[in-house]
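None of the values given here were measured: they were computed from a predicted structure. Just follow the structure's listing: the first ligand is 1, and inside any ligand the first atom is 1.
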Amino acid sequence: MRIGSGYDIHVLVPGRPLMLGGIRIPSDKGEMAHSDGDVLIHALIDAILGAYAKGDIGSHFPPSDERWKDADSSTLLSMVLDECRPVFSNIDCTVFLEKPRLREHIDIIRESLSRLLSLDVDMISVKAKTAEKCFGELGSGDAVVAAVTVLVED
Ligand code: MG
């Protein structure tokens, strides 16, 4: 087996969509980013690349490259899946977000990831936490963080 971990953070600003796991979550703020800013998919991509020691999202999709401007993160994920051909055991994700509360959206996000990864939804965990008003912008609701761990077959 191989294990990989990924992490990402994006600033949240008004007038942008809040994308998490390929799903748009109703919110008055969304990720500021060169791509669509889907922090959860970005952390997932880094976890997959990490499992296979194939660099990171920045080396594959540099922000300086205009091809990735406003890119659909699901497309970037599918390119990484094509490169790594992972056979997943399971994935475990944590999203740190002050608001909106994600509880009612968790299963929709899991189902979206299940479709994107062709992986049974029972093998996909998505947990949501707040920052308890700590950690500066994260605690004030002006940033979102995602952390992902994947276990894959060698
Ligand atoms: Mg990112």
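Partner of V95 under the side chain to side chain contact (heavy atoms under 4.5 Å, CB included) criterion, chosen from I106, L102, I109: L102. A side-chain hydrogen bond (donor to acceptor under 3.5 Å, both in side chains) with H10 is found for exactly one of R16, H42, E31, namely H42.
To the nearest 10 degrees, the Mg ion (ligand 1) sees ND1 of H42 and NE2 of H10 at an angle of 100°.
D36 and S73 form a side-chain donor-acceptor contact under 3.5 Å, judged by distance and modelled atom types alone.
Of all the N, O or S atoms in D8, the one closest to the Mg ion (ligand 1) is OD2.
Note on D38: not counted as a metal contact of the Mg ion (ligand 1), no N/O/S atom lying under 2.8 Å.
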- Item | Residue pair R2, Y52: steps toward the side-chain contact (heavy atoms from CB on, under 4.5 Å) verdict | CA-CA 7 Å; R2 285 172 168 249; Y52 293 98; 4.0 Å; yes
